[in-house]
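I am attaching a structure below and will ask some questions about it afterwards.
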Amino acid sequence: MATSLPALPNSRTEPDGSAVIRVLSYNIRSLRDDTDALARVIKACAPDLVLLQEAPRFFRWRKKLTRLARAADLVLLSGGGTAAGPALLCSLRATVERTEDVLLPLTPGRHRRGIAAAVVRIGGARLGVLSTHLSLDADERHEQAGLFLKHLAALGVTHAVAGGDLNERPGGRTFRRLGDGLRDCWTAEPWGGEYTFPATAPDRRIDAVFVTEGVEVLGCGVPSGLPGVAEDDLRAATDHLPVLTALRVPATA
């Protein structure tokens with residue numbers, strides 16, 4: 001991966017109340033790898049919002065997530081065990097309006113899937129936030145994408161950012177289904193690396209961040225060359241690479 005990326009914009013609130021924010025989507029493999037490296041990567045990305053997948057969901061899962069958040073100078077917003085893996089972290093810049101953890105229908109013999117969702121205010125902007133991890137089975141994955149879009153619509157927000165581990169490459173029917181209702185941030189404004197899996201030798205993009213119309217994408221991709229984090233940290237932290245996105249969210253009228 002390249003090490004001389006142009007810097008993404010820093011988080012700020014514009015004079016008109018619109019918010020420039022950083023959003024990170026990251027599959028953390030239940031914290032089974034190098035958690036110190038993981039915390040360094042997250043902290044170096046300086047996110048306002050973090051969309052996690054495969055967060056701990058069993059014994060003392062909340063304590064483990066809280067420790068990770070604290071190490072990255074963030075707080076636990078929602079999800080984890082109560083959403084079957086997806087979780088949200090946020091900086092103190094976010095004011096939380098409400099949170100929702102959703103369990104998707106369970107197919108016997110397969111992993112439970114869910115959605116971690118919230119509505120937050122940052123600066124003068126009001127934003128829906130959703131994280132999910134879709135099925136390995138193509139038909140189930142496609143159905144879950146429809147439920148994901150339905151839940152996003154039910155949040156009742158004008159602007160939203162949504163993402164996660166889709167377990168599918170661009171061009172697949174589930175990826176296309178999400179792209180029909182939302183904008184794929186990498187396609188809108190590519191920045192950094194494209195491929196997210198596997199972390200040791202990435203050759204496919206199966207993790208993505210999407211936004212609703214009206215949200216400006218300032219850059220999106222796999223970060224590298226970040227101050228305070230070595231390339232080895234990206235490989236040691238988990239089996240996926242993170243997707244970092246900078247957005248400008250209009251102020252809420």
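The structure presented is a predicted model; accordingly, all values stated were derived computationally and were not measured. The first residue of the sequence shown is numbered 1, and numbering continues consecutively from there.
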Inset, instruction - Spell out, as yes or no, whether a donor-acceptor pair under 3.5 Å connects the side chain of R29 to the backbone of T238. - result: no

Inset, instruction - Could you tell me whether R93 atom CZ has more than 12 heavy atoms of other residues or ligands within 6.0 Å of it? - result: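 More than 12 heavy atoms, drawn from other residues, nucleotides or ligands, come within 6.0 Å of this atom.
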
Legend entry - For L8, all residues meeting side-chain contact (heavy atoms from CB on, under 4.5 Å), sequence neighbours excluded: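 If we apply the side-chain contact (heavy atoms from CB on, under 4.5 Å) test to L8, skipping adjacent residues, the hits are R22, W191, L244, A246.
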
Inset, instruction - Flag yes if more than 12 heavy atoms outside E140 fall under 6.0 Å of its CD atom; otherwise flag no. - result: yes

Inset, instruction - Could you tell me which non-hydrogen atom of P86 sits nearest to which non-hydrogen atom of A83, and how far apart they are? - result: CD-O, 3.1 Å

Inset, instruction - Apply the ring pair (Phe, Tyr, Trp, His ring centres under 6.0 Å) test between H240 and each candidate in Y26, F197, Y195; give the one that qualifies. - result: F197

Inset, instruction - Applying side-chain contact (heavy atoms from CB on, under 4.5 Å), run through V161 and V209 and close with a yes or a no. - result: CA-CA 7 Å; V161 57; V209 176; 3.6 Å; yes

Legend entry - Aromatic ring proximity, centroids under 6.0 angstrom, F148 and F210: no

Inset, instruction - Evaluate the side-chain proximity of V119 to V129: yes if any heavy-atom separation is below 4.5 Å, no if none is. - result: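 Result no, sub-4.5 Å side-chain heavy-atom pair not found.
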
Inset, instruction - Spell out, as yes or no, whether a donor-acceptor pair under 3.5 Å connects the side chain of T252 to the backbone of R126. - result: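 The answer is yes, because a donor-acceptor pair under 3.5 Å joins these two groups.
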
Inset, instruction - Just do the side-chain contact (heavy atoms from CB on, under 4.5 Å) check on T212 and R183 with the steps written out, would you? - result: CA-CA 6 Å; T212 53; R183 294 171 62 220; over 6 Å; no

Legend entry - Short side-chain to backbone donor-acceptor contact, E231 and G225, under 3.5 Å: yes

Legend entry - Donor-acceptor under 3.5 Å (T66 side chain, R62 main chain): yes

Legend entry - Connected via hydrophobic side-chain network under 4.5 Å: L104 and L130: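 Looking at the clustering, L130 is in the same group as L104.
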
Legend entry - Separation of L92 CG from L74 CG (nearest 0.5 Å): 8.5 Å

Legend entry - Minimal non-hydrogen separation, D203 against P198, with atom names: OD1-CD, 3.8 Å

Legend entry - Check: H151 and T132 side chains under 4.5 Å, non-hydrogen atoms: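 The answer is no, as the side chains (C-beta and beyond) never meet within the 4.5 Å cut-off.
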
Inset, instruction - For the pair V20 and S11, evaluate side-chain contact (heavy atoms from CB on, under 4.5 Å) and give the outcome as yes or no after the intermediate values. - result: CA-CA 5 Å; V20 174; S11 300; 5.8 Å; no

Inset, instruction - State, yes or no, whether a side-chain contact exists between E194 and V222 at a heavy-atom distance under 4.5 Å. - result: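 No. Closest side-chain heavy atoms not under 4.5 Å.
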
Legend entry - L134 vs D165, side-chain contact (heavy atoms from CB on, under 4.5 Å): CA-CA, chis, key distance, verdict: CA-CA 6 Å; L134 300 183; D165 179 352; over 6 Å; no

Inset, instruction - Would you give the length of the straight line joining atom CG of L65 to atom CG of L76, rounded to the nearest 0.5 angstrom? - result: 5.5 Å

Inset, instruction - Check whether any side-chain heavy atom of P242 sits under 4.5 Å from a side-chain heavy atom of V41, and report yes or no. - result: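 A side-chain contact exists here, since the closest heavy-atom pair is under 4.5 Å.
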
Legend entry - NZ/NE/NH1/NH2 to OD/OE distance under 4.0 Å, R205 and D184: yes

Legend entry - Donor-acceptor contact below 3.5 Å, side chain S18 vs main chain P250: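 Such a contact is absent between S18 side chain and P250 backbone.
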
Inset, instruction - For residues L68 and I42, determine if any side-chain heavy atom of one lies less than 4.5 Å from a side-chain heavy atom of the other. - result: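 When only atoms from C-beta onward are counted, I42 and L68 do touch, with a gap below 4.5 Å.
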
Inset, instruction - Treat each ILVMFWY residue as a node, draw an edge where side-chain heavy atoms are under 4.5 Å apart, and state whether W61 and L31 are in one component. - result: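 Same cluster.
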
Legend entry - Linked, directly or transitively: L182 and V157 (ILVMFWY side chains, under 4.5 Å):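 Linked within one cluster.
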
Inset, instruction - Following the transitive rule for hydrophobic clusters with a side-chain heavy-atom cut-off under 4.5 Å over Ile, Leu, Val, Met, Phe, Trp and Tyr, establish whether W186 and L166 coincide in one cluster. - result: no

Inset, instruction - Kindly indicate whether the side chain of I122, heavy atoms from C-beta on, has any atom under 4.5 Å from the side chain of T95. - result: no

Legend entry - side-chain contact (heavy atoms from CB on, under 4.5 Å) involving S78 - partner list, sequence neighbours excluded: L88, T99, D101, A116

Inset, instruction - Rounded to the nearest 0.5 Å, what's the gap from CG on L77 to CG on L49? Could you check? - result: 7.5 Å

Legend entry - Heavy-atom check, side chain of V211 versus side chain of C185, under 4.5 Å: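 Contact flag for V211/C185 side chains = yes.
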
Legend entry - Working for side-chain hydrogen bond (donor to acceptor under 3.5 Å, both in side chains), residues S25 and D207: CA-CA 8 Å; S25 184; D207 305 85; 5.8 Å; no

Inset, instruction - Applying salt bridge (Lys or Arg N to Asp or Glu O under 4.0 Å), run through D180 and R177 and close with a yes or a no. - result: CA-CA 5 Å; D180 286 343; R177 184 174 192 176; over 6 Å; no

Legend entry - Value rounded to 0.5 Å, distance of CG in D233 from CG in D34: 7.0 Å

Inset, instruction - Quickly, which of R173, R141, R204 forms a side-chain hydrogen bond (donor to acceptor under 3.5 Å, both in side chains) with E168? Name it, please. - result: R141

Inset, instruction - Please check if atom CZ in R12 has more than 12 non-hydrogen atoms from other residues, nucleotides or ligands closer than 6.0 Å. - result: yes

Inset, instruction - Give the minimum heavy-atom separation between N167 and S135, together with the two atoms involved. - result: CB-O, 3.7 Å

Inset, instruction - Of all the heavy-atom pairs spanning L155 and R98, show the shortest one and how long it is. - result: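 Taking every non-hydrogen atom into account, O-NH2, 2.6 Å.
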
Legend entry - Residue pair R169 / I206, side-chain heavy-atom distance below 4.5 Å: yes

Inset, instruction - Give, for atom NE2 of H159 and atom CG of L247, the distance between the pair rounded to the nearest 0.5 Å. - result: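 Reported value, rounded in 0.5 Å steps: 11.0 Å.
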
Inset, instruction - Measure across G124 and T13 and return the closest heavy-atom pair with its distance rounded to 0.1 Å. - result: N-CG2, 4.5 Å

Inset, instruction - Look at the side-chain heavy atoms of Ile, Leu, Val, Met, Phe, Trp and Tyr, link any pair under 4.5 Å apart, and say whether V23 and L52 land in one connected group. - result: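 No, no single cluster joins them.
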
Legend entry - R40 (side chain) donor-acceptor with L234 (main chain) under 3.5 angstrom: no

Inset, instruction - Considering non-hydrogen atoms only, spot the tightest contact between P227 and A44 and give its length. - result: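 Here P227 and A44 meet closest at O-CB, 3.7 Å.
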
Inset, instruction - Please answer whether the main-chain N or O of L51 pairs with a side-chain N or O of Q53 as donor and acceptor at a distance below 3.5 Å. - result: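 Yes, because the side chain of Q53 sits within donor-acceptor range (under 3.5 Å) of the backbone of L51.
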
Inset, instruction - State whether the side chain of S30 and the backbone N or O of R32 hold a donor-acceptor pair below 3.5 Å, judged by distance alone. - result: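 Flag not set: sc S30 to bb R32 has no pair under 3.5 Å.
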
Legend entry - Separation of L24 CG from L89 CG (nearest 0.5 Å):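 Atom-to-atom, L89:CG and L24:CG are 9.0 Å apart.
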
